[in-house]
Every structure is written in C-alpha cells, then in structure tokens.
Amino acid sequence: MPEPRATWRVYNLTPYRVLGSSVQQALKRLGVDIEERIIEYIVAESPRPDLGDYGVPIARFAKKYGVEIEALVKSIEEELRTYPHIAGVKRVGGYLNILLDASEVSRQLFRAVQTDNDVFGHLRVDKPLRIVVEHTSANPVHPLHIGHARNAALGDTLARMLRERGHIVQTRFYVDDMGRQVAVLVYGAKLLGDLSIPRGVKPDHWLGTLYALVHTLADIEELKKELDKLKQENKLDEYREKLRELDKLVAAASKLREKEPELFDKLADAIRGRNPDEEISEIMRSYEFRRDEEVVKITRAIVEACLRGFRETLERLGIGFDKWDWESDLVWSSLVGKILEEAKKTPYATMHKGALALNLQPLLRDPVIRSALGVPEDYEVPPLILQRSDGTTLYTTRDIAYSIKKFREFNADKVYNVIAAEQKLPQLQVRLALIALGYRREGLNMHHYAYEMVNLPGRKMSGRRGEYVTLDELIEQAIARARAEVEKRSPNLPPEEKQKIAEAVGIAAIRYTLVSVSAPKPMTFNIEEALNFEQNSAPYILYTHARAANILAKAKQRGLEINLEEIDYNAANENPLRRRLVLQLLNYPYVFVKAADELKPEIIVNYLNRLADTFNKWYTSGDSAINEPDPGKRGYKLALVQAVKTVTANALRILGIKPLEKM
RNA sequence: GGGCCCGUAGCCUAGCCAGGAUAGGGCGCCGGCCUUCUAAGCCGGAGGUCCGGGGUUCAAAUCCCCGCGGGCCCGCCA
C-alpha cells in the first residue's frame, strides 16, 4: 500500500489539529502543559456559520488551568497566524472561533486528493503493528444468521480499518469442531445412519435443520425422563413446571416437523427410549481422544460441509479469512496438553471439586493487570476449570492454547477477538490464564472486541430450535429489493448489469446497517428497516457516489479535464454549500484516524452520511458543474465533485462496500 | 445475591470516556418539487420529562450517588 504523503498536510490543516496544537502551544507559553489530544476532543463545529466554522470554549480552559483569558486569546491568535488557511478569529461568548479560508483549504485538498487518490485520507501509523483479528468463528452446526453477520461485518471492517491505517493484519476463523454442538449433529447423523447431504440444498442449511431437530428431540427425551422421576418422587410443583417446559418444546418440535416431516419422524423414532445426553458426551470424548475413527470421519465431514456453506455466504459479503484454525488440531497436536502441564506447575493451579483448575484471583492484585484488562478493584473472578474429571478439556482451555497460537504463528503484537459480549467472563479468564501461565505479554495484548446480540423484532433467535433468519435469506431479500428498484429506474440497462448493481446494493445495505450501530448496543434487526434504501443507508451513499461519478463521466465526454493549475479557487467562497462541502472533506483524514484508532466503524458511517447529505443538497441546488460557463469555476466544481467521489469511495472501501459508478 | 452492558420524539440512532453555544441525523407521519449533471434525491412542517430522583459545577444528555426498566454473565456448556 502506498504512503499517502499529501494526506499528512491536509491532516494537519484540519480544525481539530489546528486548534488543538494552537491552544496547546498557547497554554504552554502560559506555563500549562497538557496533551494536545485533550484539546482536540473539545474542538467543536460551530452551530451557525455566522459564528465561525470551528471553535473551542476558551473560558473553560482559562478557568480550569487558572490562566488569564485575554492573555490566552492573544497567545492562541498568534499561534493561528502561522496557518495560511485561517481567515479570521472570532470571539462569541466563552468561545474562540476560527473562520477558514475555503479557497486555501480547497487548494491543499484537491492536490492531496489527486496525488493520494485511492489512499487519500488513510494516514498510516509510524510504527505498524502485527495484528490478528479473529472474528465470526460461528459454530459449524447451522447456517450463519444475522447475529453472526454483525460479528462478521464488524470483524472484517476492523481488519480493513487497521490495514488502511498501516498495520499488518491477519484474519482468522476459529473452527469450533470439538464442542457439544457438533457432537449433537454427529449423533443425529449416526441415528440416521447416513450423513449424505441432499443435493440442491446448501449444506449449512440442511445441517441447521438437522441440528435443531436432534437437539429438540433430545431435549424432549431427557425432559420426559426427568418428568417420570419427579412423578415417582411425587414432586408435583416441579412436575407441573417441567410439564410447561415440555409443552414449549413440543410446540417448537411441531413447527420443525412442518418443515421436514419425514426426517423428523425418522429421528423421533430413532431417539425414543435412548439416552441422548450420555451418548452425545461419549461422542465428544471419542472425538477428543481419537478413539473412534468413524466419529472423527463423520465429524470432520460434517464440519467441512458446514464451512463450505459459511464460505459461500461470507464470500458474497466480501469477507474472507487468512487462516481457518481447527480446534481439534490444537488438541491432537498436543498444544492443549502442554497447556495443562504448564498449568499444573504454576502456583495458580488448584483442584476445584476434583477437577484441575486455575485460581486467577491473586493476579487481580496487580494494578497493571487490572487496568490493562479493565477489571474493577474488588472484582471476583471465579476459578477456571481446565480439565474435567474424565480427562477431557473445556472450550476455554483450548482457547488458551489457541490464543498462544495466534500470537506465535503471526508473531503478533496484538490480537483482537470479535466475540459476543456475553462471553466477557471467559474472555477475561483466558487472558488471566495466559498471564498465570507466564504468557504475560500475550495476556495483556489480547483484546475482546465485544458486541451485543442481535434480535429479531418480538422474539429471540435460537439455533437450537431452528428459529432464526439466515443470512442467506436476508441477502436474497436485500438483492431482490434492490433489483426491483433498479428495474424501476433503469429499465434499459442490460440484465447482467442490473443484477450486478442489485447485488452490490443489497449486500452493501446489510453491511452498512450492521456496523452503523455501535457494538456495545444491543440491536434489533428490523428487516424492513435494513431494506429501506432511503437516506442513511448504503444505497443512499452509493447513489451519491454514482451521481458524482456521473458528473465526472459527462465532463469527460465533453472533453472537460480537471487541471488543478487552471482552477479559480475563489469559487470556494461564492457558495455556502461548496464551502461546507470542502470543509467536511478536509476532515476526512482526521475522521479516518479516529475511527481506526478507536475501532469504531460507526464514525465512518456517520461521516459518510453527512457528507452525502451536503453533496446532495449542493447537487440539487442548481449549482451545476458541467453547465458552468466560466472555465476556472467549472474546474473548481469538477475538482470538488472528484474529491467527494474519492473520499466516498475510500470510506466505503473501509466498510467493505464496493463503490458503484452507475445505479 | 454479585458483576457487566444498554436506556435520547411512535421506531432507530449520534453526542457521554475528554462537562460548555437553541440535543444532531434517519425511518414513519403531514405538505410541496422531475423541460436543467441520476427523484435510491431535494425543500418545508409537526413530533423531545436526553429513564427517574438527588448531588458536584458559573454550566450536566455528558461527572458522582441512589433508584427504575431491559439485556447478558456468575456451569466439570460453548
């Protein structure tokens, strides 16, 4: 990736940097030394243009740091004089506002956009880090649904942001083939005596149905046994409660039966009178210890098939992985065994009710660890069990081995795990365990990028009961919706082109929606809303980009080239919308850096939306670029359009959305 | 019982960590605009106890305390 050199200059002209450094310098001269970043945070856009463009509440600084306000203002004004693009300074109330010279800003901006082009704005760090991003890592037992989609969209966007920021990034998918969930599926396959996946069905979809069937039928079978026992013991209250549970299960089961009556009946017959819980546990054991080659074969085949489905879905979203890591490989390669040996030798090792465990509490006495892991002072962390009494390991144990592998294999400085917020405790335990085992650097540099669950309106999703909207369905719906729109507005395009646009738009809409809500917020996924292609959506942004592209294409057709030397930069100040647009574009590098460093894709989303807003207002205001008779002004407008197009395209790419030239 | 996260108009959301200018957007609703670069657009309008109550402050959506509501976690599950 080329270095965006010209972007640096623009970056240093953004109001945040300018005011940040000026105020900092001014305060320093008055004997107060504070970080520039603190001031940058406080710089604000002015609410009205007549007050200036950006400002800082200087009264606050004067008070807080005990400096004379007049002296401070004078000092700041002096600092600001060194910038050629500052046209004036204005005091309003407790604020000191700056007025930017849009023509000078434009001059710098257009040049940088032209030289840096597709890396414009993407300022790179001085010292790149080697970063692993593990994300999605869905259980290979059912198709990906919207919840996984949030994980995938966030993870992929994170990886893209970090790469553009100059880091060396590797993405990894953890294939959890040793969990109970896969064993449930294997159990089902064994009951059926046949694991061939019917043709014409996507493997993950078929497996998802099988999984829900087996799980639900197994639960019913187990519950029946419990009921018998309670009845015998004459525990009527509990009995009635369990009976209600059974009703719910039976209701879920009958829904499943509607989908696959034959399969359902076959499984129901096969499972009757058996001990599914026990048998599933036995499958897990025999897979972990490779006791039964048949189980190994079936398991691997099932998981492979499911992953084929995942890959197909993710590929449509433009999401791929550098590495796929199988949990079983960690165990069979003795990496996990090594962890157990190491654990036993540490002073943290303990026996918890007869199982090998780590007591992690003492580590929390170290304030460095507490602050690095974000643990409050008197937090109590439960002991972490590493090995069951039957000798099998637990998910978290294997995750410790996996964490080390992630660092080792890529020689990583940092690891980000994009994992649901409900896994906060196990994630914390893994990090503490790493430290306990002597992998202090790894423990302190592994981060849990937590996101909240996605729910469907009115109900919760449940993989075990087969209640979910698959990502594939959602993608299809989005594309169909986009297709109808293309059909309506561009009936004359060739069908392949229509389809291409529809696919790009539909998929973009989904990705945009998923990263537009900040990760710690729970999200209700409203399909109607996600497929609303109006303002504040990917289609809106793509449409804006296509509009800009269209203007430039038309200009080219008419032989109108953009020559930065022949532009009349005074045109910048003639029209308030042009001015606003330039000032927004000026902020792009700053916005990018903030989003990438804070790992907040929604910052990019918000920026894009506001930029598109301003562009569309300008576009419809009648200030046409290609019909402009004055060559200097026309040049200016075209360069402005070009800048909008470039910035929009660059920002979209970070979100994993391909910009469109035509819609 | 303990811990973590979330609470901003009918719905969704930004701002909160780093307190300051009449709380930004969007959907939906009402009313307008296609002979000028793409109407997936634009213009105008109605709609707010920033969950509640205290406190700190010249100043609180933002900080602190006490509550309320929702979600999640505290397993020899993952």
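Per chain, numbering begins at 1; letters A, B, ... match sequence-line order.
- Base pairing of B:U49: no nucleotide in any strand meets the Watson-Crick or G-U wobble criterion (both distances under 3.5 Å).
- Remark: B:G41 base-pairs with B:C33. Criterion, Watson-Crick or G-U wobble with two distances under 3.5 Å.
- When the C1' atom is compared between B:G25 and B:G15, the two are found 11 Å apart, to the nearest whole Å.
- Proximity of A:R547 to the phosphate of B:A39: a side-chain N or O atom is located under 4.0 Å from OP1 or OP2.
- Across the C1' atoms, B:C34 and B:G71 are found 47 Å apart, a figure rounded to whole Å.
- OP1 and OP2 of B:C76 both lie 4.0 Å or more from every side-chain N or O belonging to A:R285.
- Comparing B:A46 with B:C29, their C1' atoms are spaced 9 Å from each other, to the whole Å.
- With A:Y211 as the partner, the side chain to side chain donor-acceptor pair (under 3.5 Å) test is satisfied by one option alone out of A:Q181, A:H142, A:R464: A:Q181.
- At a threshold of 4.0 angstrom between heavy atoms, the contacts of A:E485 include nucleobase atoms, whether or not backbone atoms are also involved.
- When each of A:I501 and A:D390 is assigned the nucleotide of RNA chain B bearing its nearest heavy atom, the one mapping closer to the 5' terminus is A:I501.
- Near RNA chain B, meaning a heavy atom under 4.0 Å from it, residues 139-148 of chain A has A:N139 in order of number.
- Using a 4.0 Å cut-off, no side-chain N or O of A:N609 falls inside it from OP1 or OP2 of B:G24.
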Mark up nucleotides 12-21 of chain B, 5' to 3', with B wherever a protein heavy atom is under 4.0 angstrom from a base atom, S wherever such an atom reaches only the sugar-phosphate, and - elsewhere. SSS---BSBB

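- Between B:G24 and B:G48, the two C1' atoms lie 13 Å apart (nearest whole Å).
- Proximity of a side-chain donor or acceptor of A:R511 to a complementary backbone N or O of A:I657 within less than 3.5 Å is not detected.
- For the P atoms, the distance linking B:G67 with B:G2 amounts to 10 Å, nearest Å.
- Within 4.0 Å (heavy atoms only), A:Y379 reaches sugar-phosphate atoms of the nucleic acid but no base atom.
- Distance check on atom P: B:U56 versus B:C11 gives 34 Å, rounded to whole Å.
- For A:K500, the NZ atom counts as loosely surrounded, since its 6.0 Å shell holds 12 or fewer non-hydrogen atoms of other residues, nucleotides or ligands.
- Remark: the separation of the C1' atoms in B:G31 and B:G19 is 40 Å, to the nearest Å.
- For the residue pair A:S537 / A:N532, no side-chain donor-acceptor distance below 3.5 Å is found, with atom types taken as modelled.
- For the P atoms, the distance from B:C73 to B:A78 is 15 Å, rounded to whole Å.
- Side chains of A:N417 and A:Y402: a donor-acceptor N/O pair is absent below 3.5 angstrom, by distance only.
- The phosphate of B:C42 (OP1 or OP2) has a side-chain N or O of A:Q535 nearer than 4.0 angstrom.
- More than 12 heavy atoms of other shown residues, nucleotides or ligands fall within 6.0 angstrom of atom CD in A:E598.
- Annotation: cation-pi geometry not satisfied between A:R547 and A:F615 (NZ/CZ under 6.0 angstrom from ring centroid, within 45° of ring axis).
- For B:C42, one of the phosphate oxygens OP1 or OP2 lies less than 4.0 angstrom from a side-chain nitrogen or oxygen of A:Y540.
- For the pair A:H448 NE2 and B:C73 C1', the interatomic distance rounds to 12 Å; values are reported in whole Å.
- Within the 4.0 angstrom heavy-atom criterion, no nucleotide atom of any strand lies near A:A421.
- Base-pair partner of B:G1: B:C74 (Watson-Crick or G-U wobble, both distances under 3.5 Å).
- A:Y395 has its OH atom 17 Å from the C1' atom of B:C76, to the nearest Å.
- Regarding A:Y619, its OH atom lies at a distance of 16 Å from the C1' atom of B:C43, rounded to whole Å.
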